[in-house]
Number of protein chains: 2
Amino acid sequence: MLTLESIQAAKRKLAPYIYETPVIRLQGLDEVLGCNVYIKAENMQKTNSFKLRGALNKMLAMPIDQLQKGVVAASSGNHGKGVAYAAKLLNIHATIVLPDTAPIVKVEGIRALGAHVIQCKLAERHIVTERLSSEHGYSIIHPYDDFDIMAGQGTAGLEILAQLPEVDKIVVPIGGGGLISGIATAIKSLAPNVKVIGAEPAVISRYAKSLQANERLLLEEQQSLADALLTLQPGERNFPIVQKLVDEVVSVDEISLHNGMQTLLLDGKILAEPSSAIVIGAALQGILPTSKKENVCFLISGGNVGLNQLINL
Amino acid sequence: MLTLESIQAAKRKLAPYIYETPVIRLQGLDEVLGCNVYIKAENMQKTNSFKLRGALNKMLAMPIDQLQKGVVAASSGNHGKGVAYAAKLLNIHATIVLPDTAPIVKVEGIRALGAHVIQCKLAERHIVTERLSSEHGYSIIHPYDDFDIMAGQGTAGLEILAQLPEVDKIVVPIGGGGLISGIATAIKSLAPNVKVIGAEPAVISRYAKSLQANERLLLEEQQSLADALLTLQPGERNFPIVQKLVDEVVSVDEISLHNGMQTLLLDGKILAEPSSAIVIGAALQGILPTSKKENVCFLISGGNVGLNQLINL
């Protein structure tokens with residue numbers, strides 16, 4: 001179960017190890033985004049993404065003898081870096097399974113933390129992970145479909161409420177649904193009037209389509225700039241939470257995704273990865289229900305992006 | 001005269017027109033910079049630099065009939081953008097004299113505000129400005145050697161003290177000396193124990209050398225990545241203020257300047273221009289007197305930098 005109490009417990013457990021990342025007022029973007037703009041800067045988190053919160057909360061909850069056999073995780077990069085960091089902290093072995101297409105900066109960041117990296121086709125990463133688990137006795141650290149993971153991610157929601165009590169709306173990137181499940185649970189428990197909105201790539205709108213169909217649809221693989229949001233199906237444990245608590249999920253086209261990153265960097269002066277700038281892209285695309293006086297907090301989930309990815313901005 | 005009262009008056013006058021830019025905690029840089037890292041994000045100011053503070057304070061203090069004849073300013077870019085913005089606000093004509101070598105992003109930013117741009121050799125910009133002034137009756141808005149300009153820039157210092165009362169040290173880029181004169185006057189009046197340190201390019205260390213010689217030396221023209229800090233001589237009104245109030249001026253080499261910008265962008269996730277990242281470069285070079293528990297506020301003076309300038313990072 002995911003509860004407010006489990007998220008509050010995660011906050012206490014994680015406190016010595018993670019940063020309370022800043023909420024930053026970006027007045028220069030108010031006009032172009034049509035609201036009072038704030039960001040929750042998880043691109044400034046240790047490992048440069050929110051994923052450390054969930055990975056570490058999960059691993060701190062596991063029995064030590066199980067941990068010592070090692071862990072394995074399928075990831076587009078950020079979850080893998082979180083698991084690698086947590087494994088280094090706990091002095092255990094970690095293997096991270098990445099798609100061939102993962103940005104170099106993510107692959108190198110994980111290797112630098114001492115984890116073993118295996119790359120395979122995007123569609124095969126969960127199969128490879130399962131095989132490694134059964135062959136070597138590694139525990140699988142799932143990127144989103146896990147209550148301890150969601151509780152860890154939800155701690156970012158508790159921080160937003162404490163740092164910006166006057167928040168009206170929170171916009172969150174959505175892939176498998178781990179982050180938004182945690183945040184929506186925290187927010188709706190403590191401040192039910194605050195709206196929680198998910199933003200996913202239009203080319204892989206697994207949540208918008210599944211919510212409409214009222215079941216977890218499995219979409220076909222697609223390419224998107226949002227390399228961290230390529231998940232093809234809502235998580236089993238995440239879907240009902242999103243159904244119940246998230247106010248709306250919007251679909252962001254690739255041009256707006258690109259424009260979001262450009263606007264955030266060149267006008268906002270904040271470097272985020274494309275999968276995070278998607279929330280800014282949603283506002284630029286005009287699909288967010290916002291109004292001029294609203295305090296909107298855009299969750300900038302990660303900043304693992306290489307200079308090579310900026311050249312085409 | 002530059003006094004605390006003149007800076008406080010500037011703060012009241014400027015309040016409706018400028019942003020109170022955020023002070024941001026960048027914990028991820030603590031280890032590499034050797035202190036508790038905060039930035040004052042003037043790269044997020046309107047016009048993307050602190051220069052608007054001084055230019056607008058100056059122009060708001062001028063008689064309306066004088067303003068209506070137009071203004072002219074020599075600038076490396078940021079002061080010109082500040083003057084152009086203020087002129088647009090006041091609905092008057094502005095001509096900005098820029099060196100041939102000014103970054104394209106600065107030239108275009110000024111033109112976009114409706115100002116007339118003239119480019120000439122770096123060494124000739126003040127002569128060209130004088131000529132335009134006498135030919136057309138334009139008032140010269142000096143970039144630093146002016147008490148109203150300094151009072152405007154000093155408002156950033158008042159904000160830092162209010163936003164971060166526990167600050168121990170403030171590190172400020174130094175060119176002609178307008179910004180640091182204003183900040184040091186504000187800080188030393190209200191919190192004399194807070195240290196104020198200037199950072200200038202080692203290739204044009206006009207302040208370090210002049211302070212040692214006890215007179216305003218005129219240096220030879222040099223190239224530096226810090227395109228906004230190419231001034232060859234301390235300002236006449238600025239030098240005695242810096243002599244009296246600034247604790248130390250450090251000289252940052254070109255490699256550290258480059259490293260400062262790279263570290264701030266890739267690790268700190270903040271986009272600043274090279275002349276602003278010089279303060280981070282100073283810490284990386286190991287020439288700042290800092291210690292682990294100190295709260296150091298790095299003044300990030302501007303963010304007018306094009307993508308074309310990032311490619312070689």
Side-chain angles (χ1 to χ4, degrees), chain A residues 17-31 36-49 52 85 103-105 108-109 112 159 163-164 258 261-273 276-277 300-313, chain B residues 17-31 36-49 52 85 103-105 108-109 112 159 163-164 258 261-273 276-277 300-313:
Chain A
Y17 305 110
I18 66 165
Y19 298 147
E20 180 176 293
T21 54
V23 166
I24 306 171
R25 178 79 174 94
L26 295 183
Q27 270 184 277
L29 298 189
D30 285 5
E31 199 177 324
N36 295 337
V37 178
Y38 296 82
I39 62 166
K40 172 67 170 169
E42 285 291 298
N43 55 337
M44 298 175 186
Q45 185 55 267
K46 279 183 194 176
T47 73
N48 297 112
S49 101
L52 176 61
Y85 185 96
I104 294 165
V105 68
E108 287 177 352
E159 289 179 17
Q163 293 169 301
L164 188 69
H258 170 275
M261 193 168 156
Q262 190 182 57
T263 295
L264 192 58
L265 181 63
L266 297 184
D267 301 329
K269 308 304 170 191
I270 297 287
L271 180 62
E273 53 184 285
S276 304
I300 304 300
S301 51
N304 285 307
V305 55
L307 278 176
N308 61 317
Q309 292 169 265
L310 303 183
I311 289 167
N312 297 324
L313 271 189
Chain B
Y17 306 109
I18 67 165
Y19 298 148
E20 180 176 295
T21 54
V23 167
I24 306 171
R25 178 80 174 94
L26 295 183
Q27 272 184 276
L29 299 189
D30 286 4
E31 199 177 325
N36 294 338
V37 178
Y38 296 82
I39 62 165
K40 172 67 171 169
E42 284 293 297
N43 55 336
M44 298 176 186
Q45 185 54 267
K46 281 183 193 173
T47 73
N48 297 113
S49 98
L52 177 60
Y85 185 97
I104 295 165
V105 68
E108 288 177 351
E159 289 178 18
Q163 293 168 301
L164 188 68
H258 171 276
M261 193 169 157
Q262 189 182 57
T263 295
L264 191 58
L265 182 63
L266 298 184
D267 300 329
K269 307 303 170 191
I270 297 287
L271 180 62
E273 54 185 284
S276 304
I300 303 301
S301 51
N304 286 306
V305 56
L307 279 176
N308 61 318
Q309 293 169 264
L310 302 183
I311 289 166
N312 297 323
L313 270 189

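Just so it is clear: chains get the letters A, B, ... in the order the sequence lines come, proteins before strands, and each one is counted from 1. All values below come from the heavy atoms of this structure, side chains included, with hydrogens, waters and symmetry mates left out.
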Checklist entry - Can you list the steps and then say if B:Leu265 with A:Leu307 is a side-chain contact (heavy atoms from CB on, under 4.5 Å)? => result CA-CA 10 Å; B:Leu265 182 63; A:Leu307 278 176; 4.1 Å; yes
Checklist entry - With respect to chain A, which residue among B:Val105, B:Asn48, B:Val305, B:Leu310 yields the maximal number of heavy-atom pairs within a distance under 4.5 Å? => result B:Asn48
Checklist outcome for this item: Residue set satisfying salt bridge (charged side-chain N to carboxylate O under 4.0 Å, His left out) with B:Glu20, at least two apart, ordered chain then number -> none
Checklist entry - Looking only at heavy atoms, which two atoms of A:Met44 and B:Gly268 are closest? And how far apart? => result CE-O, 3.7 Å
Next on the checklist: Quick check on side chain to side chain contact (heavy atoms under 4.5 Å, CB included): which of A:Ile270, A:Leu264, A:Leu266 does B:Leu271 satisfy it with?
Outcome noted: A:Leu266
Item to check | B:Tyr19 OH: over 12 foreign heavy atoms closer than 6.0 Å | outcome: yes
Item to check | Interatomic distance, A:Gln45 atom CD to B:Lys269 atom NZ [nearest 0.5 angstrom] | outcome: 12.5 Å
Item to check | Rounded distance (nearest 0.5 Å) linking atom CD of B:Gln27 with atom CD1 of A:Ile18 | outcome: 10.0 Å
Checklist entry - So what's closer than 4.5 Å to chain B heavy atoms on A:Asn43: side chain, backbone, both or neither? => result both
Checklist entry - At a heavy-atom separation under 4.5 Å, does A:Leu26 approach chain B through its side chain, its backbone, both, or neither? => result side chain
Item to check | Contact origin within A:Asn308 toward chain B - heavy atom pairs under 4.5 Å | outcome: neither
